[in-house]
Amino acid sequence: MQTRDLLFIAVMLWALFHALGDKIPTIVPPTNNVTAVVYVFEKDDTAVPVAVSFALDKINRDGIEATIFEDDIVDGTGETPEQYKIALAAAREAGMPVLVVLAGDKVVRVVKAPTTEQAVMEAIR
Amino acid sequence: MNSFSAIDPKLIDVTLPDDTGYGPAVSGGDTPDALRMCAGETAREFPKALWIEPEDWADKARDNDEYNTWPMNYVDRFTNQNPSHECVYHSLTRGMEACRNRQRGVSYPEGPKKGHRYEESGKFGSVWMSPLSGYAEVQPRQWGGANVRQSLELCVRRGLLPDKIQPYDYGFKHSLQGTSGRGCNNQSGGGWIPLSQFPAGWQETAKHFRVLEAIFPGSWEQAVCLVLHGMCVHVGRNGHAIPWAQWHASQEAMAYPDSYEIVRYDSKQTVQSAWRGSFAIATVSAPDDWANPAGE
């Protein structure tokens with residue numbers, strides 16, 4: 001391939017890029033190094049929305065731990081499981097049901113009563 | 001998972017020819033009141049928030065089909081009890097495992113498949129329980145079956161041991177063969193073992209796998225609602241205990257993963273006659289770390 005051909009391809013790519021403008025999809029990386037997502041609820045008051053369960057499954061498969069936590073759940077010793085203490089405290093403060101997004105031991109975001117897949121996915125971005 | 005597909009009539013209302021472990025001698029005392037009493041503080045009435053009007057069941061079923069949120073979607077393996085009498089515990093462990101997988105947030109789009117092991121089971125912390133680890137205490141003579149009330153009480157009080165076969169090497173200090181029956185690729189089979197010969201200190205592992213809350217439906221419609229919300233409903237009928245795990249809206253039948261590596265169905269008529277004394281496991285204990293389920 002000659003230099004003239006390479007130049008032609010480069011010009012065409014440049015023209016294509018400008019023609020598409022903002023139509024080119026952008027990949028938004030997760031912010032704040034999200035490490036865990038927890039949907040915290042009280043089963044007497046609400047059921048877990050199916051779209052939320054579906055979203056959590058997707059997030060798990062993308063490598064972020066995404067789980068459901070009913071506020072009465074305990075571990076084998078009868079205590080709140082260590083991994084849920086921060087999420088549960090945030091949920092009790094915000095009011096359940098709620099989606100708590102964590103980066104390590106920091107609460108990144110709290111979303112009240114999400115019901116759609118989109119709402120869950122936006123919460124981790 | 002399509003809950004509107006046709007069902008083979010041969011799989012509906014199957015009465016097994018052999019004793020599976022829930023004959024009249026053990027099932028007679030499993031009244032709703034006795035079960036609630038045995039469940040103790042874990043017993044819950046049906047929450048009003050979970051009610052779905054029957055005319056909306058089909059829509060809810062479509063949602064579950066689309067989002068993989070049937071109880072059956074949280075069952076990631078079959079077991080095989082044949083020829084043991086452990087049916088009550090094979091049923092209970094399906095529900096406990098499904099509840100645990102639901103809490104973990106991972107579903108299995110095609111549900112249990114004979115001879116198949118999901119890679120995700122190991123990746124996402126699924127733990128397979130040993131039905132024998134409960135049955136051996138409730139029925140010390142091996143044969144004769146178990147009633148549901150004692151079985152549930154035991155799952156609440158001291159929990160169950162993990163099966164020797166797991167989808168991932170969790171390093172459990174204590175485990176037991178899954179069944180004194182045949183077992184299968186995802187369940188270890190082995191000889192009968194009495195409680196006195198369980199591995200020393202087994203309680204320290206079992207306590208991490210307990211039932212925390214059980215919901216008792218007050219009607220057959222409430223039992224359907226629990227299934228529509230992703231919870232297995234455990235029931236004994238026709239001499240056999242099973243977990244209802246998917247409502248077929250078009251044919252009005254309840255699918256269940258039977259402990260013979262097959263999905264079978266109860267008709268609406270059977271559901272209407274059998275729901276009394278049924279219950280759903282709403283929550284089970286959760287670990288401090290999903291990768292280390294018993295903290296060992």
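A note on names: the letters A, B, ... follow the listed sequences, proteins ahead of strands, and every chain is numbered from 1.
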Inspect the surroundings of CE in A/Met121 and state if more than 12 heavy atoms from other residues, nucleotides or ligands are less than 6.0 Å away.
yes

In Å and rounded to the nearest 0.5 Å, what is the OG1 to CG distance from A/Thr67 to B/Asn101?
12.5 Å

First locate atom CG of A/Asp57, then atom CG of B/Asn73, and finally report the distance between them rounded to the nearest 0.5 Å.
9.5 Å

Working to the nearest 0.5 angstrom, can you tell me the gap between A/Lys58 NZ and B/Asn68 CG?
11.0 Å

Start with the C-alpha gap between A/Arg61 and B/Phe124, add the side-chain angles, then the distance that decides, and say whether side-chain contact (heavy atoms from CB on, under 4.5 Å) holds.
CA-CA 9 Å; A/Arg61 292 168 197 275; B/Phe124 297 119; 4.2 Å; yes

A/Gln118, CD atom: more than 12 neighbouring heavy atoms under 6.0 Å:
no

Working to the nearest 0.5 Å, report the span between NE2 of B/His208 and OG1 of A/Thr77.
7.5 Å

Can you find a pair of side-chain heavy atoms, one from B/Thr283 and one from A/Asp72, that are under 4.5 Å apart?
no

Largest heavy-atom contact set with chain B, pairs under 4.5 Å, which of A/Gly78, A/Ser53, A/Ala66
A/Ala66

Where does B/Glu66 contact chain A at under 4.5 Å (heavy atoms): side chain, backbone, both or neither?
backbone

Could you look at A/Asp44 and say if it's the side chain, the backbone, both or neither that has a heavy atom under 4.5 Å from chain B?
both

Under 4.5 Å to a heavy atom of chain B? For A/Ala51 that would be both

Applying a strict 4.5 Å limit to non-hydrogen atoms, the region of A/Tyr39 in contact with chain B is neither

Name the region of B/Arg210, side chain, backbone, both or neither, that has any atom closer than 4.5 Å to a heavy atom of chain A.
side chain

Heavy atoms from other residues, nucleotides or ligands near CZ of B/Phe4 exceed 12 (cutoff 6.0 Å):
yes

Under 4.5 Å from a heavy atom of chain A, the part of B/Ala286 involved:
both

So with a 6.0 Å cut-off around NZ of B/Lys123, is the heavy-atom count from everything else above 12?
no

Checking A/Lys43 against B/Leu50 for the side-chain contact (heavy atoms from CB on, under 4.5 Å) test, could you report, in this order, the C-alpha distance in whole Å, the side-chain angles of both residues, the deciding distance, and whether it holds?
CA-CA 8 Å; A/Lys43 71 179 179 324; B/Leu50 300 187; 5.8 Å; no

So, taking the atom named CG in B/Asn64 and the one named CZ in A/Phe54, what distance separates them when rounded to the nearest 0.5 Å?
12.5 Å

For A/Phe69 and B/Gln103: C-alpha separation, side-chain torsions, deciding distance, then whether side-chain contact (heavy atoms from CB on, under 4.5 Å) applies.
CA-CA 6 Å; A/Phe69 188 79; B/Gln103 290 174 191; over 6 Å; no

Below 4.5 Å, heavy-atom pairs only: which of A/Leu56, A/Ile73, A/Thr80 has the largest tally toward chain B?
A/Ile73

May I ask you to check whether over 12 heavy atoms, not counting those of A/Glu93, lie within 6.0 Å of atom CD?
no

When only pairs under 4.5 Å are counted, which of B/Glu45, B/Arg104, B/Lys207 shares the most heavy-atom pairs with chain A?
B/Arg104

Which atoms of B/Glu204 approach chain A - backbone, side chain, both or neither, heavy atom under 4.5 Å:
neither

How many angstroms lie between OG1 in A/Thr46 and NE2 in B/His229, if you round to the nearest 0.5 Å?
8.5 Å

Quick one: are A/Asp75 and B/Ser285 in side-chain contact, heavy atoms under 4.5 Å?
no

With a sphere of 6.0 Å drawn around CD of B/Glu119, does it hold more than 12 non-hydrogen atoms of other residues, nucleotides or ligands?
no

For chain B, which of A/Gln83, A/Glu117, A/Lys85, A/Glu82 has the most heavy-atom pairs under 4.5 Å?
A/Gln83

